[in-house]
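This report concerns only the one structure given below.
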Amino acid sequence: GFGPGANGRAMNRIQPYQPKNATNNAHMEQTWQRLRDAIVQIQRHNESALSFEELYRYGYNLVLHKHGAKVYSGLIQLLSEEMARVCATVQRSFNNNFLPGLIELWKEHTLVMQMVRDVLLYVDFNYIPREKLMPVYDLGLAHFNDEVVHNATIEAHLRDTLLGMVAAERAGDVIDRMLLQQACGMLVALGLRSLAVYEEVFERDLLAQTAAYFSAEGQRLVAEHNAKVFLERAEQHIADEIARARQCLDPATEPKLREAIYSTLLAPHIVEVMELEGTGLAAMLDSLDLDSLKRLFSLCSLVKGGVGTLSSMMEARLAAVTQSIVEEERGSAKPVMLIVRILDIKLHYDKVVVGAFAGQKDLQRAAVKTIAKCLNEHARAAESLSAFIDDLLRRGGKKMSEREVDDILARALGLFRMLDEKDVFEAHYRQHLARRLLARDTQEEYERNMITRLKEECGSYYTTRIEGMFSDYLVSRDSSEEFHTAAAAAGSPLKIDVHFTVLTKTHWPSTNPIACELPSRLRHACRAFEVHYLAKHTGRTLAWHCGLGTAEVVGWYARRYIFHVSTLQMIVLLQFARKDHLSFEDIQSNTQIPEAELQRMLLSLASGKVRLLAKAGDGYRCNDSFQHALVRVKVPQIVQREKDEDKDVSGKVEQDRSHIIDAAIVRTMKARKTLAHTALVAEVCAQLQNRFPVQPAALKRRIDSLIERDFLTREDRNTYKYVA
């Protein structure tokens, strides 16, 4: 149309487009009826005769001419009518093929809705988004959910059927898992990108049923079976449930199902199972039942705090076993057995931790901590460990391969790391090393290996004296060979085979020289060596320690024997080379050996398994009836009393500790200049913790001693100052 403009002129007005051949309502109604009939045919599975292209055009025209609401409402009516038919069909199948029939109707419905969605594609893309309505396919699922699945009788029957299938399989029956999977998939799909329907209809009741079932099952297993059977059944139950969940249920159900099982089957009973008399954790550990222990660890890992409880109970059992070993060996005459038994129990529990507990670090630390605590409670632990290593290095090369010796040595070093008093071990080790080296009863390669290991553990300062002893041994061997070569070159070879070991006083354990009268040929050899040695090493002095030497003596009894004896035993035996009978006074007069030492020598030669002498009145004579199966016979010695030896070692250790603490205090104060008492104590203890435990009282005494010697001064009651 036209109207006047602002200047009085007429202007054009644009009107909305009106198609000339607009479809009237009657025609639209006819189009809808055709579309409706086609949808009904699709629902009846008669879609083969339909033209989907033509049906799409019907939907397109209806939306284009503003009849989208008619299509949508008509579809809702058709879906309601179809769902009423489906619902009736399902209800008729309650007692015959219910679940397969429901799943089949569900599959048919989804296929129908896919075809209806294709027909109403323009409705889906144009009308529905504009009006913010539910898409065609989702609308079909929603109707199936609301009118079929959520029908009161169908929902209850479906829930009971699904729960019954799970219960039947738990009872040992075989079920159709594929059917269960399809039913759960249907419920998930009906939630329309949500698990609400699945959770409401099935999952919630499944979890409740699971909790009730395994609560009762756990109580039954504990009451009727031993620990091993409980663990086997529990593991199998969990495996079955997880397998079913992964095959049939929604992935979101598995963690919830696990929690329900763990909280009812395991958590209330796992400690009770471990405590079962005769079959629980203690019995499994003692019998090294790795399969049951592995199963127990696996199940404990599923329970909150389960591994911690397992660790505590294992620690308690290990402590009881180790403590019993310590108590049994406390008064033993063979200190080596303490280490042998502790190494066995440590190896036993190492197999448990590695083989059954997957090398779990907390369990490893618990085992080491427990063994270390019990080991350090034994007053002679350091000495016993040194004696064990001494025995290993003496006999290892003769009875075991190098690899076996190395393996056992590595395990022994594991116990060494646990020792608090490593300085006590070092003192005893030096004594044992001295005996091995002087008796030449060891292999150099083993000794070097041991020294290297100790240096790696504690540093070079720890092994200084040990390395010095070994160095003396090697240098002395070369010096003896050089001496013999020089004597032969000078035209005065020795008439006896003798080797000399020169010991550096600061390296070797201190001993008091034993006075004695050497045989003439040996005395001549000693003097010759002394002249040779001092000529090459000016400024040194030699003091002879005959009590530390060894000798080989040839003796004729029923046959020829070679006796391995100490130097003092040799001196005594040689007295009987000229006389058959000697009194104690004659022997002492000839040998000049102190009375106490001479009594020990005679006792060792006239008693025990190797009796070369026999008591005759107030004197001694050769034992003519002596016989031995071996040609080479080692004659044992009567060693110093252990209490006296321990007292000597303890005194030397305390003296060394005083010097080490003094050095640590001075070193710390020199760096800090001024330091509070608590800070000084903390630093010194930290420095020395790898050598020995520092007692606060001992540290206080050393501080007072350094103040008296003007190394430190007090600035006030709790602060010290270094004096340059």
Side-chain angles (χ1 to χ4, degrees), residues 26-63 65 67-128 133-155 157-158 161 178-179 182-183 185-192 197:
H27 183 65
M28 288 296 100
E29 180 64 29
Q30 185 181 11
T31 301
W32 161 243
Q33 287 300 327
R34 291 174 183 170
L35 184 59
R36 182 184 185 280
D37 292 342
I39 294 174
V40 171
Q41 291 303 313
I42 292 173
Q43 290 176 334
R44 298 291 181 272
H45 310 298
N46 297 324
E47 68 278 359
S48 58
L50 300 175
S51 170
F52 278 74
E53 181 180 354
E54 183 179 359
L55 296 176
Y56 172 82
R57 206 161 36 242
Y58 289 161
Y60 173 83
N61 287 330
L62 287 167
V63 173
H65 295 289
H67 291 281
K70 185 178 189 66
V71 175
Y72 197 80
S73 60
L75 177 61
I76 291 175
Q77 183 180 358
L78 287 174
L79 288 172
S80 297
E81 293 171 359
E82 177 65 13
M83 291 306 100
R85 184 186 68 81
V86 170
C87 192
T89 303
V90 171
Q91 288 174 329
R92 287 194 299 272
S93 67
F94 276 179
N95 297 322
N96 182 26
N97 209 30
F98 164 72
L99 192 57
L102 176 62
I103 297 301
E104 186 60 32
L105 289 171
W106 159 252
K107 290 179 180 178
E108 292 175 358
H109 180 67
T110 56
L111 183 61
V112 166
M113 290 311 302
Q114 289 172 8
M115 289 187 285
V116 172
R117 178 183 60 189
D118 293 341
V119 169
L120 302 179
L121 195 60
Y122 192 76
V123 179
D124 238 358
F125 286 168
N126 188 290
Y127 174 75
I128 287 176
L133 300 174
M134 185 177 291
V136 171
Y137 185 79
D138 290 356
L139 183 65
L141 299 192
H143 275 265
F144 193 93
N145 176 44
D146 295 340
E147 299 174 33
V148 178
V149 172
H150 273 83
N151 176 281
T153 56
I154 295 176
E155 179 180 352
H157 198 71
L158 174 61
T161 300
M178 185 60 67
L179 199 61
Q182 292 172 345
M186 176 190 71
L187 295 176
V188 171
L190 289 174
L192 301 178
V197 175

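- Between the CG atom in Leu120 and the CG atom in Asn126 there is a gap of 12.5 Å [rounded to 0.5 Å].
- Remark: Trp32 CH2 to Asn61 CG distance equals 14.5 Å, nearest 0.5 Å.
- Residues His143 and His109 fail the side-chain proximity criterion, which asks for heavy atoms closer than 4.5 Å.
- In terms of heavy atoms, Ala183 sits closest to Leu99 at CB-CD1, 4.1 Å.
- For the atom pair CG (Leu62) and CE (Met28), the distance works out to 6.0 Å, reported to the nearest 0.5 Å.
- Of the candidates Leu139, Leu35, Val123, Leu75 forms a side chain to side chain contact (heavy atoms under 4.5 Å, CB included) with just one, namely Leu139.
- The two residues Val197 and Gly191 come nearest to each other via the heavy atoms CG2-CA, 3.8 Å.
- Open room surrounds OH on Tyr60; 12 or fewer heavy atoms of other groups in view lie less than 6.0 Å from it.
- Scored by the salt bridge (charged side-chain N to carboxylate O under 4.0 Å, His left out) test, Asp37 finds no partners at all (sequence neighbours excluded).
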Show me the donor-acceptor pairs within less than 3.5 Å that the side chains of residues 76-90 make with the rest of the protein, sequence neighbours left out.
unit_1	atom_1	unit_2	atom_2	d
Gln77	NE2	Glu81	OE2	3.4
Ser80	OG	Ile76	O	3.1
Glu82	OE1	Arg44	NH1	3.0
Glu82	OE1	Arg85	NE	3.3
Glu82	OE2	Arg85	NE	3.3
Glu82	OE2	Arg85	NH2	2.3
Thr89	OG1	Arg85	O	3.0
Thr89	OG1	Arg92	NH2	3.3

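- Ring orientation note: the planes of Phe98 and His157 are nearly perpendicular, at an angle over 60° on the 30°/60° scale.
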In sequence, state the C-alpha distance, the side-chain angles, and the governing distance for Phe94 and Ile154, and then conclude on side-chain contact (heavy atoms from CB on, under 4.5 Å).
-> CA-CA 8 Å; Phe94 276 179; Ile154 295 176; 3.9 Å; yes
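- Around CG of Asn97, the count of heavy atoms belonging to other residues, nucleotides or ligands within 6.0 Å exceeds 12.
- Rounded to the nearest 0.5 angstrom, His27 NE2 and His67 NE2 are separated by 10.0 Å.
- Here the side chains of Tyr137 and Asp118 are not in contact, with every heavy-atom distance at 4.5 Å or above.
- Here the CD1-CE distance, from Ile128 to Met134, works out to 10.0 Å after rounding to the nearest 0.5 Å.
- Listed here is the closest heavy atom pair of Val149 and Leu158: CG1-CD2, 4.2 Å.
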Quick one: do Val63 and Phe125 satisfy side-chain contact (heavy atoms from CB on, under 4.5 Å)? Show the steps, please.
-> CA-CA 11 Å; Val63 173; Phe125 286 168; over 6 Å; no
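- At least one side-chain heavy atom of Arg36 sits less than 4.5 Å from a side-chain heavy atom of Val40.
- Residues Thr110 and Lys107 share a closest heavy-atom pair of OG1-O, 2.7 Å.
- A distance of 11.5 Å separates CG of Leu55 from OG1 of Thr31, quoted to the nearest 0.5 Å.
- The side-chain heavy atoms of Val71 and Tyr127, taken from C-beta on, include no pair separated by under 4.5 Å.
- In plain terms, the two heavy atoms of Phe144 and Leu102 that are nearest each other are CZ-CD1, 4.1 Å.
- Applying the side-chain contact (heavy atoms from CB on, under 4.5 Å) criterion to His45, with sequence neighbours excluded, gives Glu47, Glu108, Val112.
- In this structure, Val136 and Met113 approach most closely via the heavy-atom pair O-CE, 3.2 Å.
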